[in-house]
Structure formats: structure tokens, C-alpha cells
**Q** 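Before we start, here is the structure in question, set down as C-alpha cells.
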Amino acid sequence: MSERALAAPESRYRAAHSQGAALRDRGEEATRGAGRIERPEEGERVRQPDPFLHVSSLSADQGPPNRARGGERRGRDGWRARHVHQGVPALGARTMTLDDENEQIRQRREKLEALRRRGIDPFGGRYPVTHWARGLADRLGNAVDEELKGFGAVSLAGRLVALRHHGKTCFAHLMDQTGRIQLYARADALGDEYARFVDLDTGDFIGVTGEMFRTRTGELTVAVKAFTFLAKSLRPLPEKWHGLKDVETRYRQRYVDLVVNTETRAIFQLRARLIGGIRKFLDARGFLEVETPMMQPIPGGAIARPFKTHHNALDMELYLRIAPELYLKRLVVGGLERVYEINRNFRNEGVSTQHNPEFTTLEFYQAYADYTDLMELTEALFTELAQSLLGTHALQWGEHAISLTPPWRRLGFFEGISQALGMTVTPATDAAAVARAAAGKGLTPHGGAPWELWKDVFETLVEPTLVQPTFVIDFPIELSPLAKRKRDNAALVDRFELFVGRRELANAYSELNDPIDQLARFREQAQLLERGDEEAHWLDEDYVRALEQGMPPAAGEGIGIDRLLMLFANQPSIREVILFPLLRPEGGRAPDEGGTER
RNA sequence: GAGCCGUUAGCUCAGACGGUUAGAGCACCUGACUUUUAAUCAGGGGGUCCCGGGUUCGAGUCCCGGACGGCUCACCA
């Protein structure tokens, strides 16, 4: 992640905080305390961003591929088909072997048993928290000693992430969702309990109460007066200095990654703020957020291969949606003139640094608008998000400096091709001539229809040049079965794709609302389907019926949220911005797993 | 799906040409240390070298097969 994104000015986090993109899971007491200056005696909780967001512990690049998959070994026989439903073995009902013995785990188990023998519950319960780490740092970061003395007792809960024994004292760092704070325990202050404190391991959850002071070296610290066991950690945390680097372990055990890698937390905090910012932007413009089916009998709205599933009680085939488009437009027919949905799509295709089988998109529709309106809306959305989240319109994307300041370049699809080939190309240009020119540029056109060649040329010769934000506009109709034809050129449609950093981030068009034209285009696609083109659109009769009911002119757009976040967080891999990216199971395929569905 | 690279202690990493008992730092354990902070000092324990075959007197190292991951390509957003 870039310095910009992580070590951003304070204002960025304050802005996000004021939008309420903070902690929501600590109950209403936490919510009640928002926005007020906390007084310890009021027992309020503070909601503040992680102060360590400013201190990136990972280098900006992920470095060369790492070896050391490092995670615990899992026995291959750890797989079980746990349930059998109607004779079909459940897939992926995996049981990890949790018996891997290593010295540190054994020691921790022994400590746990020792606690139980003393009548102490190692896995505690409710703990009333009065403060969070970041709140104390903000409130008392510059406080003088007298102020600290008068501040009173504080109670915090969290995970111990560092322990430094020092004679009859012990320093520790406690991490909660907002950041970390130092603890100082003394034998003379804790009495018998000091022996329990010394026995704590990094990774354990405890609750502490005590008073604030500042150490000789100036660090704000809680002098522990009492502490409570909240959860014993049986597994050691990764190394404190190098942390957890192994990419595979970071994805598989994201819980560990989140504990030890500040940057990972920052990415997902940014993700939440990004999505929150989008909602705020659209809500302010009268858009209504909706949710449409993820399981669809006819997967439509995009060109992609779907996942197939089955509903038992209804005994029907269903598909995970590849796009919400056709349902959202049904809502436009129903009079919801401005709608949007932020949700998952599923495509049964390759996995790469750019593609995860499930990915999140924003899709929105605006009646009485066309694609030119959406270009302006998109510019406004991106710049507003960048400004509020990152505090700038200037993004660092790998080696490239990208400026989001509008207006963005608009490049006609055929204009791009013409420039790339050094000849004027239009939909009417002789295909053989285009093929020759393409071959002259090192392209080997693999035959087919003219539009396939145009697409090839564009993707190979034009897209790689689109680093700065560029709207590619006016696509050939063959590539856009759901878009409205241009009034002055029936071979083209009112459509744009937004490219930033060579990647397509958005796709939008003026929606086809002529049911007769739509039906004709569906039928063309249906013929492709029959010829074995798995990616052709299916004929959705109800959708045509909806158009027959009358859909106002509208423009719609889809924006890839994961890719947008990659851009904002300067992350080269989509897996870095998805909490749990799809990976093959550890240890390979289950022996009793049936054939895969396609 | 193809190519290249990788997998060694809990974590991060070394391991020349195939040759004693596979190493380091952190983590862990024992001891010392009552304001440390990558605490320090002294001592110690910890390994299915990803899995399975093969070659060899001898394999972490070479060969073959497999698993998983990373990158690139293909498909795609």
C-alpha cells in the first residue's frame, strides 16, 4: 500500500470517522459515546481510528514470492464428509486436525489447565470497557503528569501483542480495535496476582484496569491495578519484527494477518469507508439501495459463465448471479427511478490477481439520464471518494502517478483503434484491411467476426495505454446486447468503459428500453448459445415483458468495488482487498469429494 | 488450463559440488534484572527439510510424480 494511502494525513481519518465509519459492534454504549469528549467517570467508550495506521510495518511492495507456507501441517486424512443430505455428500465439510503438537502450544495448553485448576476461567466473559487505546492516545497524548494523575481509572480489553519482563515488573502492549497501548505491571502493585500476569502469553485476551502515567521514555501507559483473563491463546503469534509475510498463510489465516499486519487492517478499514462513501454519495442524489436475487433461474446481465446450484425443495436449477442488471432494470420499470445495489457477483472463470470468483460491484441506474450524465457522475464520485478517503486526487498506482482531476479523457472505441493501427477504422471498414493492419502491429487475429477483431485490437493495443482515467466511448453494438443504439449510428451504442491504470473499473451505457429491439438481440444471443457459445446471453422472457410494460430511458453503470479499492489502496492483487479470497483447500482435494460441478 | 519460480523450527530466513548430529534471529523455557519498548545478560529446548517414489555407500540438496502458493499468459470484470 502506498504511503499516501496508509500514512495519510490525519484529516482523512477524521473525515471517515465523522461519517460514522467506525466501530459498530460494541453495542449501544459505544454508539452513545460517539462525538463527545470522553470522561472516564461517565464510562463512555471512545471510537477512534488506529493510531498505528500511520506506521506501516510492511514494505510498500509485497516483495518477491515467498516460500515458507509456514502454516501448521494438516493431515490429509483430516477431511470428512460430515453430513449426507439426500445421498449427496456435503462438499468441503472439512475437519482440521488440531492435534499438531509443538512445544509452544503444549506449554500454553498446560498454562490453561493450570488456570482452570485454580478456578480461573481462561475464557472469561463480559468486561466493561471504559476506553479504547486510540481514544486515550488522542486524549492524553500530550497530557502532563498532573493531568494523568487526575484522570482516574481506565478499563480496557484486548489482545496482548507484546510482553517484556523486567525483574519484578512487566511491560506489555495491549491491542484493541483502535490500536495499542502499553501496560505496566508491578509485583508490588499486583501482589499475588503478579504471578498470573507474568504467566500471560502474547496473543492472550485480557481486560485491565489501572491509572494512566507516562514512562521515563515518554510512552503513555496503563499502570495495571487489576486484570482479568478473557481468552487464552493457544497458538503463538508470528514474529514481532518481521511479522507474517507468507502470502498464503496471510490469506488462509486472515485472522492472524489482521492481528499482526497493520497494513492489512488499514486496507479493510479503507474498504469499509469506500463503500460507506459510495452509499453516502448516491443516497445524497436520491438513489435507493436495493437487494436483488443472488440466485437466479436465468443468469443475465453480463457475458460470463455462471456457477450452478440446485434448490432441493423446489427441485430447480439455480445460478449464482453474474450481474444484478436485469433485476435492477425491472425496478426502474417499477418506478424506482434511481436504484443501486452493492453486492457480490459470481463468475465461474479463472482466478488471477485481477479476478476472484466472487467479487463486489456497485451497479446503479438513473432514469431520464444517458451515459454522458454517468460520465460526469462517475468523475464526481471518484473525486469525492478520493478527496474524503485519501485527501487528494493524486493517486500512486504502482509506478504511475494518476490524477483523478476531471474532466477525464474521452476516447471513441474506433478512434482508439484507428490511432493504434494508423488507419481510419469504422464499423464499415473492410475487415480484411483491418486484419492486415493488425497483423502489421504484431497481432495475430484469430479469425471470426469483425467485432472480435476490433475487440482484440482494442484490448491488446489500446487498453495498455490507458493509465490516466479514460472513458472509452461508443462501442460496437455487437459487444453490447443491452445498450441503446446511438441515434446517429445504428452500428454503435451509447456506452463507456472507464479505464484507470490500464484496468477497466466501470462499464456503463444508456439502457436499451425498446422491447422489440431487445427481444431481437436476445434471439441473436440465443442462436450463439445454441451454437455452443457458453457466454452468450440467455433469453429472459420476463425481462422482455418488463420492457414491454415500459421502461423510462435510463442509464446504468457497474463499478468494480474490489478494483476500485485496489486503485485507492495501491494494491496489485485483488486478494489483498478481499478478506477471504478463494484458495484451493489446504492439502489438496478431499478424497471423498465428488466431481466438480460445471 | 499453460509456463516459470517457490515450500527448511511457531514466525522471518541461511543452508557451495550430494558427505559428521540441518543452522541463525525473533518467539519459547530456566535464571538475573522494579520505567522497558526489536529491553538487556547467561543458559536451554524445539525439525515429517510440503508429500510420494527413484538414483546413490550416502539426498534438505539430484531425477520423476503429486499437493499448495506466487508471478506471467489465456479467459474475464
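Just the heavy atoms: all of them, side chains too, but no hydrogens, waters or symmetry mates, feed the values below. Labels below follow one simple rule: chain letters A, B, ... track the order of the sequence lines, proteins then strands, and each chain is numbered from 1.
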**Q** Any donor-acceptor pair under 3.5 Å linking the side chain of A:Lys111 with the backbone of A:Asp199?
**A**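 Here the side-chain-to-backbone pair exists.
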**Q** List for me each residue that meets side-chain contact (heavy atoms from CB on, under 4.5 Å) alongside A:Leu582, sequence neighbours excluded, and say none if there are none.
**A**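 Scan of A:Leu582 (side-chain contact (heavy atoms from CB on, under 4.5 Å), adjacent residues dropped) gives A:Asn356, A:Pro357.
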**Q** Taking atom P in both B:rC62 and B:rG69, compute the distance separating them and give it to the nearest angstrom.
**A**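 B:rC62 and B:rG69 have their P atoms separated by 24 Å.
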**Q** Between B:rA77, B:rU12, B:rU36, spot the one nearest the side chain of A:Ile574, thanks.
**A**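 Per side-chain heavy atoms of A:Ile574, the pick is B:rA77.
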**Q** Tell me: CD of A:Glu248 to P of B:rG69, nearest whole Å?
**A**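 Interatomic distance, CD of A:Glu248 to P of B:rG69: 6 Å.
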**Q** For B:rG58 and B:rG18, measure between their C1' atoms and round to the nearest Å.
**A** 8 Å
**Q** Side chain of A:Arg252, heavy atoms from C-beta onward: which of B:rG69, B:rC71, B:rC28 has the nearest atom to it?
**A**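 Within the option list, the nearest is B:rG69.
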**Q** Rounding to an integer number of angstrom, what distance separates B:rC28 and B:rG45 when you compare their C1' atoms?
**A**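 Straight-line distance between the two C1' atoms is 9 Å.
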**Q** What is the distance, rounded to the nearest whole Å, between atom CZ of A:Arg321 and atom C1' of B:rA77?
**A** 14 Å
**Q** Other residues, nucleotides and ligands only: do more than 12 of their heavy atoms fall within 6.0 Å of CZ on A:Arg503?
**A**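 Counting neighbours around CZ of A:Arg503, more than 12 heavy atoms of other residues, nucleotides or ligands fall under 6.0 Å, so yes.
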**Q** Assess whether a salt bridge exists between A:Asp138 and A:Arg134, defined as any Lys/Arg side-chain N lying under 4.0 Å from an Asp/Glu carboxylate O.
**A** yes
**Q** Restricting to non-hydrogen atoms, name the atom on A:Val462 and the atom on A:Thr465 that form the minimum distance, rounded to 0.1 Å.
**A**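 Answer, listing the atom of A:Val462 first, then A:Thr465: O-OG1, 2.6 Å.
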**Q** Between the main-chain N or O of A:Thr249 and the side-chain N or O of A:Asp246, is there a donor-acceptor pair closer than 3.5 Å?
**A** yes
**Q** For nucleotides B:rA9 and B:rC75, find the distance between their P atoms and express it as a whole number of Å.
**A**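 Those two atoms are separated by 39 Å.
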**Q** Would A:Trp241 pass as stacked on B:rG25, i.e. its ring centre under 5.5 Å from the base's six-membered ring centre and planes under 30° apart?
**A** no
**Q** Closest to the A:Ser352 side chain: B:rA77, B:rA74, B:rC26?
**A**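 Side chain of A:Ser352 sits closest to B:rA74.
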**Q** Please name the residue in the list A:Arg159, A:Arg235, A:Lys232 that meets the salt bridge (charged side-chain N to carboxylate O under 4.0 Å, His left out) test with A:Asp204.
**A**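 Only one of A:Arg159, A:Arg235, A:Lys232 forms a salt bridge (charged side-chain N to carboxylate O under 4.0 Å, His left out) with A:Asp204, namely A:Lys232.
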**Q** Here's a test of your reading of the structure: between A:Glu358 and A:Leu583, which maps to the more 5' nucleotide of RNA chain B?
**A** A:Leu583
**Q** Name the nucleic acid region contacted by A:Tyr251, choosing base, sugar-phosphate or nothing; use a 4.0 angstrom heavy-atom cut-off, strictly under.
**A** sugar-phosphate
**Q** Which part of the nucleic acid does A:Thr353 contact within heavy-atom distance under 4.0 Å: base, sugar-phosphate only, or nothing?
**A**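 Sugar-phosphate only.
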**Q** Could you tell me whether A:Arg254 and A:Asp257 have a side-chain N and a carboxylate O separated by less than 4.0 Å?
**A**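 Counted as a salt bridge, because a side-chain N and a carboxylate O are separated by less than 4.0 Å.
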**Q** Tell whether A:Glu504 reaches the base of B:rA77 with its side chain through a donor-acceptor pair below 3.5 angstrom.
**A**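 No, no donor-acceptor pair under 3.5 Å.
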**Q** Just checking A:Asp188: base, sugar-phosphate only, or nothing, at a heavy-atom cut-off of under 4.0 Å?
**A** base
**Q** With a non-hydrogen cut-off below 4.0 angstrom, is A:Gly243 in contact with a base, only sugar-phosphate, or nothing?
**A**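 Contact class for A:Gly243: sugar-phosphate only.
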**Q** For A:Pro476, which residues count as a side-chain contact (heavy atoms from CB on, under 4.5 Å) partner, sequence neighbours excluded?
**A**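 A:Pro476 satisfies side-chain contact (heavy atoms from CB on, under 4.5 Å) with A:Phe413, A:Phe414, A:Trp454, A:Glu478, A:Leu479 once adjacent residues are dropped.
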**Q** Starting from C1' on B:rU72, measure out to CZ on A:Arg502 and report it in whole angstrom.
**A**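 Spelled out: CZ on A:Arg502 to C1' on B:rU72 is 15 Å.
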**Q** Confirm from the modelled atom types if A:Gln182 and B:rU36 form a donor-acceptor pair under 3.5 Å, side chain to base only.
**A** yes
**Q** Need the glycosidic conformation of B:rC64: syn if within 90° of 0, anti if not. Which one?
**A** anti
**Q** How many Å lie between CD on A:Glu459 and C1' on B:rC73, as a whole number?
**A** 14 Å
**Q** Select one nucleotide: of B:rC71, B:rG1, B:rC26, the one nearest the side-chain heavy atoms of A:Ser573.
**A** B:rC71
**Q** From the set B:rU35, B:rC68, B:rA77, return the single nucleotide nearest to any side-chain atom of A:Arg186.
**A**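 Comparing B:rU35, B:rC68, B:rA77 against the side chain of A:Arg186, the answer is B:rU35.
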**Q** Between the protein and nucleotides 29-31 of chain B, are there any N/O to N/O pairs under 3.5 Å, and if so, what are the atom names and distances?
**A**
residue, atom, partner, partner atom, Å
B:rC29, OP1, A:Lys111, NZ, 3.3

**Q** Report the distance from atom CD of A:Glu557 to atom C1' of B:rA77, rounded to the nearest whole Å.
**A**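 Taking atom C1' of B:rA77 as the reference, CD of A:Glu557 is at 13 Å.
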**Q** Distance to the ring centre below 6.0 angstrom and angle to the axis at most 45 degrees; does that hold for A:Arg575 and A:Tyr251?
**A**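 No; the conditions do not both hold, so A:Arg575 does not lie above the ring face of A:Tyr251.
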**Q** Which value, in whole Å, describes the distance between the C1' atoms of nucleotides B:rG54 and B:rA14?
**A** 28 Å
**Q** Give A:Gly350 one of three labels, base, sugar-phosphate or nothing, depending on what nucleic acid heavy atoms sit under 4.0 Å from its own.
**A** base
**Q** What about A:Phe213 and A:Tyr184, are their ring centers closer than 6.0 Å?
**A** yes
**Q** Residues of residues 159-167 of chain A with any non-hydrogen atom less than 4.0 angstrom from an atom of RNA chain B: list those, numerically ordered, please.
**A**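 Within this stretch, A:Arg164, A:His165, A:His166, A:Gly167 sit under 4.0 Å of the strand.
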**Q** A:Arg106 CZ to B:rC28 C1': how many Å, rounded?
**A**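 So the two atoms are 11 Å apart, to the nearest Å.
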**Q** Checking one value: the base orientation of B:rA67, syn if chi is within 90 degrees of 0, otherwise anti.
**A** anti
**Q** Which residues pass the salt bridge (Lys or Arg N to Asp or Glu O under 4.0 Å) test with A:Glu325, sequence neighbours left out?
**A** A:Lys329
**Q** Mind checking if A:Ile303 touches a base, just sugar-phosphate, or nothing, with heavy atoms under 4.0 Å?
**A** sugar-phosphate
**Q** Can you tell me which nucleotide in B:rC68, B:rA27, B:rU36 comes closest to the side chain of A:Arg584?
**A** B:rC68
**Q** Got more than 12 heavy atoms from elsewhere within 6.0 Å of CG, A:Asp145?
**A** yes
**Q** Rounded to whole angstrom, note down the P distance from B:rG60 over to B:rG52.
**A**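 Pairwise P distance, B:rG60 against B:rG52, rounds to 13 Å.
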**Q** In whole Å, measure the gap between the P atoms of B:rC4 and B:rC63 for me.
**A** 13 Å
**Q** Ignoring the backbone of A:Arg575, work out which of B:rG10, B:rG70, B:rU36 is nearest its side chain.
**A** B:rG70
**Q** Select from A:Thr460 and A:Phe171 the residue whose nearest nucleotide in RNA chain B is closer to the 5' end of that strand.
**A**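 Closest to the 5' end, via its nearest nucleotide, is A:Phe171.
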**Q** Donor-acceptor pair under 3.5 Å: do we get one between A:Thr215's side chain and the base of B:rU36?
**A**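 Side chain to base: pair found, below 3.5 Å.
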**Q** Given the C1' atoms of B:rG46 and B:rG53, what is the spacing between them in whole Å?
**A**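 One C1' to the other, the span is 30 Å.
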**Q** CD/A:Glu497 to OG1/A:Thr470 distance, rounded to the nearest 0.5 angstrom?
**A**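 Answer for the CD-OG1 pair, A:Glu497 versus A:Thr470, is 12.0 Å.
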**Q** Taking only Watson-Crick and G-U wobble pairs with both distances under 3.5 Å, what dot-bracket line describes RNA chain B, where [ ] shows pairs that cross earlier ones and | shows pairs with another strand?
**A** (((((((..((((.....[...)))).(((((.......))))).....(((((..]....))))))))))))....
**Q** Between A:Arg250 and A:Glu576, is the closest basic N to carboxylate O distance under 4.0 Å?
**A** yes
**Q** Nearest to the A:Lys168 side chain among B:rU34, B:rC13, B:rC26, which nucleotide is it?
**A**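 The nucleotide sitting nearest to the side chain is B:rU34.
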**Q** If you only use heavy atoms from C-beta on, which nucleotide in B:rU35, B:rG10, B:rG70 is closest to the side chain of A:Arg216?
**A**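 The answer is B:rU35.
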